[in-house]
Amino acid sequence: LRVVRILLLVLLAALLLPYLLTPLYRVGHPVSTLMAWRWLSGAPVSRQWVDFSAISPWLPRSVVGSEDAKFCSHHGIDWDAVREVVDDAEDGEVARGGSTITQQVAKNLFLWPGRSVIRKALEFPLALWIDLVLPKQRILEIYLNVAELGPSGQFGAQAGAAYAFGRSASSLSPREAALLAAILPNPLKRSARN
């Protein structure tokens, strides 16, 4: 009985930790769970934090345009996109992504990659919380610094721009920014470089 209580307390602490950490992410340079996993397993990780003001304005525009057109108006979850995904699933169509940038930040910072109902159930309230406690620009800044943007451990705009184009995130052209945004769904199979 004591072991069960301890396990329940550990589980509760693990569930509450992201909610306690999120307000602290108003500043600093958070890392993703995937980055942490790669470091722990000895896999390469390349990431240099770049403040939002030092990123080419074309990249946030391209990312919002391709990943989450309603980013500026929703509160962490695009309920219209969720309905479309559910409707598609009911019709037997292949499920497509309906995650917002905020949901992707929740997944990247606190959860795990891959598709699962459990992860989505944890991601939804966390995305609402992130949107409540962090400004939109900060959410986008975090996303642009933790998103995987290369096939071998390149994370964030700076590493992605350096890998794909041999230049800094501040000097990306509109075309280069669009190419980086286009690989976000799967940077292991898609290449902005090629």
Side-chain angles (χ1 to χ4, degrees), residues 13-56 59-60 62-64 66-68 71 76 97 99-116 118-120 122-124 126-127 129-131 133-170 172 176-177 179-193:
L15 290 173
L16 290 178
L17 187 62
Y19 293 91
L20 298 173
L21 287 176
T22 298
L24 302 177
Y25 287 162
R26 286 180 152 278
V27 296
H29 304 157
V31 299
S32 72
T33 54
L34 185 55
M35 277 188 259
W37 176 253
R38 287 181 66 91
W39 277 321
L40 290 172
S41 65
V45 173
S46 173
R47 199 274 298 254
Q48 179 185 348
W49 185 274
V50 182
D51 292 333
F52 190 84
S53 61
I55 296 172
S56 165
L59 187 59
S62 296
V63 167
V64 169
S66 69
E67 292 285 294
D68 185 2
F71 175 71
S99 292
T100 63
I101 288 171
T102 311
Q103 286 176 266
Q104 293 175 57
V105 166
K107 176 195 72 166
N108 288 343
L109 292 182
F110 303 115
L111 302 171
W112 59 92
R115 294 178 183 231
S116 84
I118 294 170
R119 196 203 78 209
K120 279 291 179 193
L122 295 171
E123 183 182 290
F124 270 51
L126 194 48
W129 176 246
I130 289 170
D131 191 81
V133 300
L134 297 179
K136 290 284 189 180
Q137 183 173 311
R138 178 61 178 171
I139 294 169
L140 190 53
E141 179 181 53
I142 291 171
Y143 182 66
L144 292 172
N145 278 283
V146 300
E148 192 173 13
L149 283 168
S152 49
Q154 291 85 9
F155 290 89
Q158 188 69 20
Y163 172 78
F165 309 112
R167 58 189 337 161
S168 72
S170 64
L172 289 170
E176 291 164 338
L179 287 169
L180 276 180
I183 69 163
L184 278 167
N186 193 337
L188 301 178
K189 290 186 179 176
R190 297 180 181 183
S191 172
R193 178 191 270 185

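Interatomic distance, Gln137 CD to Ser53 OG, rounded to the nearest 0.5 Å: 8.0 Å. Once rounded to the nearest 0.5 Å, the distance linking CG of Leu180 with OG of Ser191 reads 9.5 Å. Residue Ser56 holds its OG atom at 8.5 Å from CD of Glu176, rounded to the nearest 0.5 Å. Annotation: the span from Arg38 atom CZ to Ser32 atom OG amounts to 9.5 Å, rounded to 0.5 Å. Rounding to the nearest 0.5 Å gives a distance of 5.5 Å between CG of Asn145 and CD1 of Ile55. In this structure, CD1 on Ile139 lies 9.5 Å from CZ on Arg26, to the nearest 0.5 angstrom.
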Would Leu109 and Leu126 count as a side chain to side chain contact (heavy atoms under 4.5 Å, CB included) here? Give the steps. CA-CA 10 Å; Leu109 292 182; Leu126 194 48; over 6 Å; no

What verdict does the side chain to side chain contact (heavy atoms under 4.5 Å, CB included) test give for Phe71 and Val63, after you've listed the backbone C-alpha separation in whole Å, the side-chain angles of each residue and the deciding distance to 0.1 Å? CA-CA 10 Å; Phe71 175 71; Val63 167; over 6 Å; no

Please report the C-alpha distance between Leu140 and Leu144 in whole Å, then the side-chain angles of each, then the deciding distance to 0.1 Å, and finally whether the side chain to side chain contact (heavy atoms under 4.5 Å, CB included) criterion is met. CA-CA 6 Å; Leu140 190 53; Leu144 292 172; 4.1 Å; yes

Working for side chain to side chain contact (heavy atoms under 4.5 Å, CB included), residues Tyr163 and Leu149: CA-CA 9 Å; Tyr163 172 78; Leu149 283 168; over 6 Å; no

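With hydrogens and angles ignored, the 3.5 Å screen pairs a side-chain donor or acceptor of Gln158 with a backbone N or O of Ala169. Side-chain atoms of Glu148 do not come within 3.5 Å of backbone N or O of Val146 as any donor-acceptor pair. In this structure a side-chain-to-backbone donor-acceptor pair under 3.5 Å is present from Thr33 to Leu111.
Considering only heavy atoms from C-beta on, Ile142 comes within 4.5 Å of Leu134 through its side chain. Within the 4.5 Å cutoff, the side chain of Gln103 has heavy atoms near those of the Lys120 side chain. With a 4.5 Å cut-off on side-chain heavy atoms, Gln104 and Asp68 do not count as touching. Using a 4.5 Å cut-off on side-chain heavy atoms (C-beta onward), Val50 and Ser170 make no contact. Phe155 is not listed as a side-chain neighbour of Pro187, based on a closest heavy-atom distance of 4.5 Å or more. Between Leu184 and Tyr143 there is a side-chain heavy-atom pair separated by less than 4.5 Å. For the pair Thr22/Phe110, a side-chain contact is recorded, criterion being any heavy-atom separation below 4.5 Å from C-beta on.
The two residues Leu59 and Ala157 come nearest to each other via the heavy atoms CD2-CB, 3.5 Å. Minimum interatomic distance between Gly76 and Ala127 (heavy atoms only, all atoms of both residues): O-CB, 3.7 Å. Heavy-atom minimum distance, Glu123 versus Ser99: OE2-OG, 3.7 Å. Minimum heavy-atom separation, Phe165 to Ala192: CE2-O, 3.7 Å. Here the closest non-hydrogen pair linking Pro185 and Arg190 is CG-NH1, 3.4 Å. Ser152 and Pro44 make their closest contact through O-CG, 4.0 Å (heavy atoms, listed as atom of the first residue, atom of the second, distance).
With a 6.0 Å radius and a threshold of 12 heavy atoms from other residues, nucleotides or ligands, Leu16 has its CG atom above the threshold. Counting heavy atoms of neighbouring residues, nucleotides and ligands inside a 6.0 Å radius, atom CH2 of Trp39 exceeds 12 of them.
Ring orientation note: the planes of His29 and Trp49 are close to parallel, at an angle under 30° on the 30°/60° scale.
Side-chain contact check for Lys136 and Thr102: no donor-acceptor pair (N or O, by modelled atom type) lies under 3.5 Å.
A cation-pi arrangement is absent between Arg138 and Phe52, since the terminal nitrogen or guanidinium carbon is not both under 6.0 Å from the aromatic centre and inside a 45° cone about the axis.
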